[in-house]
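This chain uses plain numbering: 1 for the first residue, then up along the sequence.
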Amino acid sequence: MSCDGKKKVAKEIIEAIDEEKKLVTFKVIEGDLMELYKTFIATVHVDTQGESNVVTWTFEYEKLNENVEDPNTLMGMCINMTKDIEAHHLQQ
């Protein structure tokens with residue numbers, strides 16, 4: 001992945017898949033994020049409302065210290081990725 005114009009690496013495992021709730025939870029176990037955060041969990045949830053889908057990303061994390069910034073650029077990357085997926089599906 002590329003974040004702030006720099007290549008970053010993250011190894012993650014899928015902690016949970018709930019097909020009924022359309023929810024997937026990932027836990028980062030290795031990589032650049034672990035240099036900043038003690039724990040980092042990302043959850044993506046798709047809520048279908050009629051013919052529309054609303055995608056919600058949630059990050060749960062514990063910073064290694066108070067000088068570590070919140071992962072706003074990573075959230076921006078997830079939003080852009082979601083928009084790219086939406087654009088792909090609208091073309092089909």
### Task
Please answer: with hydrophobic residues joined when any side-chain heavy atoms are less than 4.5 Å apart, are Ile13 and Val24 in the same cluster?
no
### Query
Can you list the residues that meet the side-chain hydrogen bond (donor to acceptor under 3.5 Å, both in side chains) rule with Lys21, with sequence neighbours excluded?
none
### Task
Please list, chain by chain and in numerical order, all residues satisfying salt bridge (Lys or Arg N to Asp or Glu O under 4.0 Å) with Lys22, sequence neighbours excluded.
none
### Glu62, CD atom: more than 12 neighbouring heavy atoms under 6.0 Å
yes
### Task
May I ask whether Ile79 and Met77 are part of the same hydrophobic cluster, defined by side-chain heavy atoms of I, L, V, M, F, W, Y residues being less than 4.5 angstrom apart, directly or through others?
yes
### Query
Backbone N or O of Val9 within a donor-acceptor pair of the Asp32 side chain at under 3.5 Å?
yes
### Query
Between Trp57 and Thr82, do the side chains contain an N or O donor and an N or O acceptor separated by less than 3.5 Å?
yes
### Message
Do Phe59 and Leu74 have side chains that approach each other closer than 4.5 Å (heavy atoms only, starting at C-beta)?
### Response
yes
### Query
Tell me, do Thr39 and Glu60 make a side-chain contact under 4.5 Å, heavy atoms counted?
no
### Query
Do Val28 and Ile41 come within less than 4.5 Å of each other through their side chains, counting heavy atoms only?
no
### Query
About how many Å separate OG1 of Thr56 and CG of Asp47, when rounded to the nearest 0.5 Å?
7.0 Å
Name each donor-acceptor pair under 3.5 Å that joins a side chain in residues 64-71 to protein atoms two or more places apart or in another chain, with its distance.
| from | atom 1 | to | atom 2 | distance (Å) |
| --- | --- | --- | --- | --- |
| Asn65 | OD1 | Asn67 | N | 2.8 |
| Asn65 | OD1 | Val68 | N | 3.4 |
| Asp70 | OD1 | Tyr61 | OH | 2.8 |
| Asp70 | OD1 | Lys63 | NZ | 3.1 |

### Task
Go through Val44 and Leu23 one step at a time and tell me if the side chain to side chain contact (heavy atoms under 4.5 Å, CB included) criterion holds.
CA-CA 6 Å; Val44 61; Leu23 183 131; over 6 Å; no
### ILVMFWY network linking Val55 to Ile14, side-chain heavy atoms under 4.5 angstrom
yes
### Task
To the nearest 0.5 Å, tell me how far Glu35 CD sits from Lys8 NZ.
7.5 Å
### Query
Heavy-atom distance under 4.5 Å between the side chains of Lys27 and Phe40, does that happen here?
no
### Query
Are Ile17 and Ile29 connected, step by step, through hydrophobic side chains (Ile, Leu, Val, Met, Phe, Trp, Tyr) whose heavy atoms are closer than 4.5 Å?
no
